[in-house]
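The next block holds one structure in the form of structure tokens; read it before the comments.
Every number for a ligand or one of its atoms is a count from 1 in the order of the listing.
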Amino acid sequence: MTSHRFWLVVPAAGIGQRMQSAVPKQYLTLADRFVLDVTLSRLLAASTWAGCVVPLHPDDQWWPRSESAADSRIETCPGGAERVDSVMAALRYLEGRAGKDDWVLVHDVARPCIHSDDLHRLRAELAAGTTGGLLAAPVSDTIKQVVPGSGYISGTADRRQLWRAFTPQMFRYGDLLPALENGVGKYRGAITDESSAMELAGWQPRVVPGRTDNIKITVPEDLALAEFILARQDAG
Ligand SMILES: Nc1ccn([C@@H]2O[C@H](COP(=O)(O)OP(=O)(O)OP(=O)(O)O)[C@@H](O)[C@H]2O)c(=O)n1
Ligand SMILES: C[C@](O)(CO)[C@H](O)COP(=O)(O)O
């Protein structure tokens, strides 16, 4: 049986509005390195890849100053209006190169704390099957439903069935691109990750329990937290 290859897609075409920074968050720094360089270097060092595609914002002026721009293993393509568009652009960029049964791992560039152990476990557990899945962790807070715009609670979710979805999310190339294309055609707003498109297409992705420090840098306080997490991880 031929062993299928693993491709990496790292969406990096966002503008980081919630970060309230003039600089897109992937180009803020962690210990004097771009967030983008930390994420990409950790992913590429952790495992072997058939290729790595990074969708960038068309107006990205920082990429040429990154360490990653000099890394021949990394290719870029223009991203899209939303995360899902950027991921589809990267998958289309791989058309003719990625086989339909090759695995694609999609990882947010804004998640620099990805740990190699999690990556290895995700690849090992999911490559043994066909449905794919993602790193995730059970919700540990009580989750409230709130009436939009009111601040008043309308209910409490049963958190026993709730997990936080992280990235990488790992699916077969030939399954993922059509699921995303069909998903955005019918339910664009509901496609906030690759798994949601696969679920809408009738697949039943698996969660692979992962570290809760695989945070996504989203709001200003996340940057210092990411720096702390990385320092702790590097200290062993
Ligand atoms: N059009 C977009 C929007 C987002 N992303 C990427 O998708 C990941 C997760 O998105 P998010 O955290 O929402 O990033 P932003 O869209 O930049 O943040 P915001 O929503 O605050 O603007 C990020 O790595 C981001 O760069 C992308 O490639 N293309
Ligand atoms: C893909 C993701 O990181 C999984 O939790 C999340 O859906 C991205 O959401 P964002 O609003 O695009 O950051």
Between the side chains of [Y] and [X], is the shortest nitrogen-to-carboxylate-oxygen separation below 4.0 Å, so that they form an ion pair?
| X | Y | result |
| --- | --- | --- |
| Arg33 | Glu227 | no |
| Arg92 | Glu181 | yes |
| Asp102 | Arg5 | yes |
| Glu194 | Arg83 | yes |
| Arg65 | Asp60 | no |
| Asp108 | Lys216 | no |

Would you call the rings of Phe34 and Tyr27 parallel, tilted or perpendicular if under 30° counts as parallel and over 60° as perpendicular?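 Taking Tyr27 first and then Phe34, their aromatic rings stand perpendicular (interplane angle over 60°).
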
Counting heavy atoms only, which of Lys25, Gln20, Arg83 is nearest atom 11 (P) of ligand 1?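 Ranked by closest heavy atom to atom 11 (P) of ligand 1, first place is Lys25.
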
Can you figure out which of Gly16, Ser21, Pro55 has its heavy atom closest to atom 15 (P) of ligand 1?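 Among Gly16, Ser21, Pro55, the closest heavy atom to atom 15 (P) of ligand 1 belongs to Gly16.
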
One pair per line, please: each N/O atom of ligand 2 matched with every protein N/O atom under 3.5 Å away, atom names first, then the distance to 0.1 Å.
{"residue": "ligand 2", "atom": "3 (O)", "partner": "Asp108", "partner atom": "OD2", "Å": "2.6"}
{"residue": "ligand 2", "atom": "3 (O)", "partner": "Arg111", "partner atom": "NH2", "Å": "2.9"}
{"residue": "ligand 2", "atom": "5 (O)", "partner": "Arg111", "partner atom": "NH2", "Å": "3.2"}
{"residue": "ligand 2", "atom": "5 (O)", "partner": "Ala165", "partner atom": "O", "Å": "2.6"}
{"residue": "ligand 2", "atom": "7 (O)", "partner": "Thr192", "partner atom": "O", "Å": "2.8"}
{"residue": "ligand 2", "atom": "11 (O)", "partner": "Arg18", "partner atom": "NH2", "Å": "3.1"}
{"residue": "ligand 2", "atom": "13 (O)", "partner": "Arg18", "partner atom": "NH2", "Å": "3.3"}
{"residue": "ligand 2", "atom": "13 (O)", "partner": "Lys216", "partner atom": "NZ", "Å": "2.7"}

Under 4.0 Å from ligand 1, counting heavy atoms only, is it the side chain of [X], its backbone, both or neither?
| X | answer |
| --- | --- |
| Glu82 | backbone |
| Pro24 | neither |
| Lys216 | side chain |

Looking only at protein heavy atoms, which one is nearest to [atom], and how far off is it?
| atom | result |
| --- | --- |
| atom 22 (O) of ligand 1 | Gln17 N, 2.7 Å |
| atom 4 (C) of ligand 1 | Gly14 CA, 3.6 Å |
| atom 23 (C) of ligand 1 | Pro11 O, 3.9 Å |
| atom 28 (O) of ligand 1 | Ala13 N, 2.9 Å |
| atom 8 (C) of ligand 1 | Asp108 OD1, 3.6 Å |
| atom 20 (O) of ligand 1 | Arg18 NH2, 3.0 Å |
| atom 1 (N) of ligand 1 | Gly80 O, 2.8 Å |

Contact between [X] and [Y] at the side-chain level, heavy atoms closer than 4.5 Å - yes or no?
| X | Y | result |
| --- | --- | --- |
| Phe166 | Leu134 | no |
| Leu105 | Phe6 | yes |
| Gln26 | Met19 | no |

Interfacing atoms of ligand 1 (cut-off 4.0 Å, heavy-atom, [X]):
| X | value |
| --- | --- |
| Ser86 | 1 (N), 2 (C), 27 (C), 28 (O), 29 (N) |
| Ala110 | 24 (O) |
| Ile15 | 17 (O) |
| Ala81 | 1 (N) |

Is there a nitrogen or oxygen of Ala12 sitting under 3.5 Å from a nitrogen or oxygen of ligand 1?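 N/O-N/O distance under 3.5 Å: yes.
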
Ignoring hydrogens and angles, tell me if any N or O in the side chain of [X] forms a donor-acceptor pair with the backbone of [Y] under 3.5 Å.
| X | Y | value |
| --- | --- | --- |
| Ser86 | Gly80 | yes |
| Thr29 | Ala31 | no |
| Trp49 | Ser47 | yes |

Trace of the side chain to side chain contact (heavy atoms under 4.5 Å, CB included) decision for Leu8 with Val53: CA-CA 6 Å; Leu8 194 52; Val53 183; over 6 Å; no

